[in-house]
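This one's a predicted model, so the numbers in the text were calculated from it and none came from an experiment. Chain identifiers are assigned alphabetically (A, B, ...) following the order of the sequence lines, protein sequences preceding nucleic acid strands; residue numbering begins at 1 within each chain.
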Protein chains: 2
Amino acid sequence: MDKSLKTPLYLQLYTFLRDDIVAGVIDGGERLPSKRAFAEHLGVSKITVETAYSMLISEGYVYSLSKKGYYAEKNLILHPAVIKASAAAEAESAQTFLMDLSSNTVPPGQFPFMVWAKIMRNICLDYREELLLPVPYNGALCLREAICGYLSGQRGISASPSQIVIGSGSEYLYGIIVRLLGEDKLYAVENPSYGRIKSSYTQNRASCVSIQLDSEGVDIHSLEKVNPDVLHISPSHNFPTGIVTSLRRRRDILSALYADEGRYIIEDDYDSELRFSGKPIPTLYSSDASGRVIYMNTFSKTIAPSVRISYLVLPEKLAERYREIASESGCPVPSFEQYALAGFISDGYFERHLRRNKKYYKALRDKLIAIYNADEISGRSSITESDAGLHFFINLKTEKSDAYIKNALFDRRINCSFYSDYTYEPAESCPHKLLVNYSGLSPESFSVFLTELDKII
Amino acid sequence: MDKSLKTPLYLQLYTFLRDDIVAGVIDGGERLPSKRAFAEHLGVSKITVETAYSMLISEGYVYSLSKKGYYAEKNLILHPAVIKASAAAEAESAQTFLMDLSSNTVPPGQFPFMVWAKIMRNICLDYREELLLPVPYNGALCLREAICGYLSGQRGISASPSQIVIGSGSEYLYGIIVRLLGEDKLYAVENPSYGRIKSSYTQNRASCVSIQLDSEGVDIHSLEKVNPDVLHISPSHNFPTGIVTSLRRRRDILSALYADEGRYIIEDDYDSELRFSGKPIPTLYSSDASGRVIYMNTFSKTIAPSVRISYLVLPEKLAERYREIASESGCPVPSFEQYALAGFISDGYFERHLRRNKKYYKALRDKLIAIYNADEISGRSSITESDAGLHFFINLKTEKSDAYIKNALFDRRINCSFYSDYTYEPAESCPHKLLVNYSGLSPESFSVFLTELDKII
């Protein structure tokens, strides 16, 4: 059992046991350890063993005799069809990487579980009736209130709760945006950027192009040439380059917006909270005079992706329009989760959580960069964007292609991505910039990574 | 403050205070009670007062002086624009009915809040790492496991966790179904049925027709005439008629399914758990041999609509196909909620909860029907579908139209719906069947309702 693996422990245990039973290492009819004893022996929670056992039972690898215990199935015949479509497929498809630098994970130590549990308990005491009523289409008022408070304090945004729309993840919000602004419009995203943004717009049947960035933000001439109806940008922090749109460029972008009544801007502020250097950047939303900037943000970076809560701040006209088309439908986020997050924010835990995480990640990043500088690979590469939130680039001086390096690392069970994965330019023409999402990394595994990387390039 | 109203208390308080301030009942500059004192005085929680106050402040009706307290705004000028797009609009649009018979609500006493809080605490202790990882596209394995266990025990469905897809409410599941089976297919729903089902299919760009029910289920001749690719039915319990599809009719429906490889059935089992009489009905899913029946169910009836968790059981081939198209995307339901529900089910709380609720609702229903029988209105009407779960019909012998009766009740702040609201036949040709969703009703309010109704018809 390897807790450093990305695969959940129950899946690891399930796989080990299944393979041993199939391979005959565990004989048919042999008794398996009791759940409690096994859990103690492995140093895992009882639920982990329970889940693995119940998977094996539902798969027919293990049978249980009441009051006796669990036994490996005798003269086992495999049913490929069943197994293919069963949890086994998930176990096999589950990525068992030693390290995954391609995305950020939250170290369990960095989330205040007990505070969350306490808040959940309090709302169960305080909100009984409200918790059971259907949640309004735009989310629970208390959460929209809390977000308004947070935004006015931290992002200089003054909005009424009626302008907030709570959604379950960004993809849900893209759907709302296209529903509001129309699928007949031309959408534009930054190049480079998350591929998911563009694909979400196209999945919603809107046509979407990408506009090149220069050092100050989206290139104004390309913007004027493409002339999109809806411009989706992250002015406070582009991913992955970390480029901050300059004040001058913001002015140009806004005047392009004002030039045409039909134009809108989506300000994707996805992880402005986690910048380490530079002063906080005022939002386009708060600088806009036309009421045509939509602000969006998420809690999946600041809390965890699994929290599945993101939100829009709609200009009042659009908030009205959205109420007209959506007020009959429900909000996809459970009330319990919304009330808990509302409490987490308004009781000040969220800001404490952010301060604590920023401190933790800054220290971690400094440690990793120190390790990098001490490693001989630093002679054949350089680090950039080291203040761009939870990732940085290692710029490799190498003849090898990004694809080659990626595969070589993959063979060593290390998953990573390159700058070239986030741009629409051909990979050959891109610099070899390896992206390091470090939030889940330990200094030890990072050294291992550098050694492996050094062998490859 | 009236706790029996559907409007949350903070909205009631907000509205009272706002109207009094606008009307000058509270003078400009007059000091409002402290939150704590006010809460004690009104016998509501402090959060209720806080929410109302913060709404009034963000609206500009009230201002606060630090260390001094809250004051009504002086020489108040209303800004209609602002107020329209603000929380006031929500307060106004919020239905302040004395009774709402048009939908079921869960009485707070009927949900084990402390059990839920305890489970939430335990998962925060046991699952730390898993809770922060992104949830697989088809939902947390532990919840899919728990649902499989429940389905095999209660509904005779044997499915592997890989066949389950967790979603946030039925509308999300309709989207998946159309994505899987294609928007070019012809979908058919029962007539009568929830309007939302048909509209969801059409919103997903599929064409959808409705097929008449007779006493045994969907009429086979109409079915053969319409010949839909996808048939969406609730064989164990049609809404609102409560008609149970007969075994013979199930055979006919399945042979129609087998007649054409391209056909599928969606078995919507939405509240089979809450039937009071008759023996449990085997599902079409478990009777099907072709692997072309999709089973769907939700926890919004059995727990609460605000829980926002529903699920599909996909035949293995479709489960595979869905994995191919969706495995990259995320599950919209927060991990905390999924793990909590998994614990709620697998620790046996869910079945206890169902038993307890069935007992409670059966007793309530019997009490209400006794009240009805004792009321003189029973001379001019009759009750049917009294075993159809959480609602029954009052069949009115009257010349008045459904619309007239509905408006007359509406004027008395009673919201209700009729059979004619769920069918596509012209209202004139429908019997006057008034739908009583009684789960949230008290015997007292039901007597009030009967008296009012008696005056109208």
For the residue pair [X] and [Y], what are the closest heavy atoms and their distance?
X	Y	result
A/S54	B/E145	OG-OE1, 3.5 Å
B/C124	A/A117	SG-CB, 4.2 Å
B/A304	A/L132	CB-CD2, 3.6 Å
A/S168	B/P332	CB-O, 3.5 Å

Let me confirm one number: the [atom1]-[atom2] distance from [X] to [Y], rounded to the nearest 0.5 Å.
X	Y	atom1	atom2	answer
A/S103	B/L133	OG	CG	9.5 Å
A/D126	B/T48	CG	OG1	8.5 Å
B/Y339	A/I47	OH	CD1	11.0 Å
A/L9	B/Y127	CG	OH	11.5 Å

CA sep, side-chain torsions, deciding dist, call: A/F336, B/F113, side chain to side chain contact (heavy atoms under 4.5 Å, CB included): CA-CA 10 Å; A/F336 288 82; B/F113 286 101; 4.2 Å; yes
Quick one: what part of A/C148 sits under 4.5 Å from any heavy atom of chain B, side chain, backbone, both or neither?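 Interface part for A/C148: neither.
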Would you mind checking which part of A/L125 comes under 4.5 Å of any heavy atom in chain B, side chain (CB onward), backbone (N, CA, C, O), both or neither?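 Looking at A/L125, backbone and side chain both touch chain B.
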Show, in sequence, the C-alpha distance, side-chain angles and deciding distance for A/L141 and B/Y10, and conclude whether the side chain to side chain contact (heavy atoms under 4.5 Å, CB included) test is met. CA-CA 10 Å; A/L141 182 61; B/Y10 59 80; 3.4 Å; yes
Got a sec, which residues hit side-chain hydrogen bond (donor to acceptor under 3.5 Å, both in side chains) with B/S335, two or more places apart in sequence or on another chain?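 Listed in chain order: A/S306.
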Going by side-chain hydrogen bond (donor to acceptor under 3.5 Å, both in side chains), name the residues that satisfy it together with A/E130, two or more places apart in sequence or in a different chain. none
Does any backbone or side-chain atom of B/R205 lie under 4.5 Å from a heavy atom of chain A? Answer side chain, backbone, both or neither. side chain
Most contacts with chain A, counted as non-hydrogen pairs under 4.5 angstrom, among [options]:
options	answer
B/Q110, B/E183, B/K46	B/E183
B/E337, B/E328, B/R121	B/E337
B/G440, B/S300, B/P334	B/P334
B/T51, B/V333, B/L131	B/L131

Of the listed residues (A/M114, A/E50, A/E171), which shares the most heavy-atom pairs with chain B below a 4.5 Å separation? A/M114
